[in-house]
Protein chains: 2
Amino acid sequence: MQLSCIGIMVARMCERCNYAEMLEGHGVDTTPLREAVLRSVGDESRPLAAAEIMAAVRSRMSINKVTLYRILDLLVDKGLVKRLLAGDRAFRYGMGETRHHPDHPHFVCSRCRVMECLGPDLLPVGIKKFQTKGKRIIKHVDVRFEGICERCLKAGT
Amino acid sequence: MQLSCIGIMVARMCERCNYAEMLEGHGVDTTPLREAVLRSVGDESRPLAAAEIMAAVRSRMSINKVTLYRILDLLVDKGLVKRLLAGDRAFRYGMGETRHHPDHPHFVCSRCRVMECLGPDLLPVGIKKFQTKGKRIIKHVDVRFEGICERCLKAGT
DNA sequence: TTGGGCTTGCAACTCAGTTGCATAGGCATT
DNA sequence: AATGCCTATGCAACTGAGTTGCAAGCCCAA
């Protein structure tokens, strides 16, 4: 990460330009903090709690917690980021759906509360074609697997 | 509800005896408060937030909020009650799985945050046979539909 | 009757997130 | 340059849901 935008082409796309573009593409003016928050979420393979995002952003610049929550609200609102439930009191934040990030279920370890992304293939077939049974409107489905993660299995008795 | 245990047989089972029996059956000594809490959860068709359970119990007897949370912890621990996520910061509590209450997905209205139970038939086929892919152990799957409920659809523009 | 183990209550606390203001920068208009 | 406005950020104080620590009160057994 932190690849130069005008450097030679490398395997990974220039994330820096990318995140700024993503913001603009969703009608959000980019600011250094917004970009840093989105980058912190996007550079991780698993959804993070606000406190983890704050630590990640603070490793590079200074940010107030209120600002962080406001930026997260904004990004969730614009669909760039998804607010996820892990089963404890803290929300997790992961990248919103795009071509590169298709909808997928999550796994939460009930011991260490870490949340992981599962492959979209683990979304049970047919779950996308849920009916609007009754007179309610169904907009999303959220599939959450719970159990013990690999690390805890290795570590614990 | 509140049918007499020694009265004539009516369509519904004697809930009073039932809840006490359920407690004992799960190795929990019954007390008036525990029974009242379990009844409040069991008599509802939808999962309730702690505050709603408190109101329901208090309509019949007095209870302290700490006691309520401790009883809920106990019931969840013993499997009599299930702690559910609605998308806001408050847990919901619904009856645990039994022969009469099979596993089922839930619906949450993103406008009024009310949670409803959906039929077990709405659990996408095959979701029960999820693999223990990788080296993690998967214990539960939680399927949550989100959208706008019937009441809000009628009420709102 | 002494002691231990439960259940319940009260007060104070925690944690994650929110609200209400103040400040500071940017841009447009005068 | 001065004025006004609009947005982004920060600080302090607050909120809501749940938790912790400790003190009764009660029951049963030794």
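Proteins get letters first, then strands, A, B, ... in listed order; numbering begins at 1 in each. Computed from heavy atoms alone, side chains included, the values below leave out hydrogens, waters and symmetry copies. Just so it is clear, the structure is predicted and the values come from calculations on it, not from any experiment.
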Note, [X] side chain near [Y] side chain (heavy atom, < 4.5 Å):
X	Y	value
A/Leu118	B/Arg136	yes
B/Leu23	B/Leu38	yes
A/Ile148	A/Ser110	yes

If you measure from the Lys or Arg side-chain nitrogens to the Asp or Glu carboxylate oxygens, is any gap between B/Arg46 and B/Glu52 under 4.0 Å?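 Yes, charged N to carboxylate O under 4.0 Å.
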Of all residues at least two apart in sequence or in a different chain, which pass the side chain to side chain donor-acceptor pair (under 3.5 Å) check with B/Asp77?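 Testing B/Asp77 for side chain to side chain donor-acceptor pair (under 3.5 Å), a comparison that skips the adjacent residues, returns none.
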What integer distance in Å separates [X]:[atom1] from [N]:[atom2]?
X	N	atom1	atom2	answer
A/Leu72	D/dA8	CG	P	15 Å
A/Met54	C/dT18	CE	C1'	14 Å
A/Asp29	C/dC27	CG	P	11 Å
A/Arg113	C/dA16	CZ	P	13 Å
A/Tyr69	D/dG16	OH	C1'	14 Å

Please write out the pairs of protein N or O atoms and N or O atoms of nucleotides 9-13 of chain D separated by less than 3.5 Å, giving the distance to one decimal.
unit_1, atom_1, unit_2, atom_2, d
D/dT9, OP1, A/Thr31, OG1, 3.0
D/dG10, OP2, A/Asn64, N, 3.1
D/dG10, OP2, A/Thr67, OG1, 2.8
D/dG10, N7, A/Arg70, NH2, 2.9
D/dG10, O6, A/Arg70, NH2, 2.9
D/dC11, OP2, A/Asn64, ND2, 3.3

Would A/Asp103 and A/Lys82 count as a side-chain contact (heavy atoms from CB on, under 4.5 Å) if you check the C-alpha gap in whole Å, the side-chain angles of each, and the deciding distance to 0.1 Å? CA-CA 11 Å; A/Asp103 193 19; A/Lys82 222 169 173 176; 3.3 Å; yes
Within residues 84-94 of chain A, the residues having a heavy atom closer than 4.0 Å to DNA chain C are A/Arg89, A/Ala90, A/Phe91
Please work out if A/Ala51 contacts a base, only the sugar-phosphate, or nothing of the nucleic acid, heavy-atom cut-off 4.0 Å.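 Contact class for A/Ala51: none.
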Among A/Lys78, A/Arg83, A/Arg34, which residue meets the salt bridge (charged side-chain N to carboxylate O under 4.0 Å, His left out) test with A/Asp73?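 One option only clears the test, and that one is A/Arg83.
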Kindly state which residues belonging to residues 73-82 of chain A come within less than 4.0 angstrom of DNA chain D, counting heavy atoms of the residue only, listed by number.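 Contacts with DNA chain D under 4.0 Å: none.
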To the nearest 0.5 Å, how far apart are CE in B/Met54 and CG in B/Leu48? 13.0 Å
Would you please name every residue forming a side chain to side chain contact (heavy atoms under 4.5 Å, CB included) with A/Cys117, sequence neighbours left out? A/Pro47, A/His104, A/His106
Salt bridge (charged side-chain N to carboxylate O under 4.0 Å, His left out) filter on B/Arg144, not counting sequence neighbours, yields A/Asp142, B/Glu146
When B/Tyr19 is tested against each of B/Val41, B/Asp43, B/Thr30, B/Leu80 for side-chain contact (heavy atoms from CB on, under 4.5 Å), which residue passes? B/Asp43
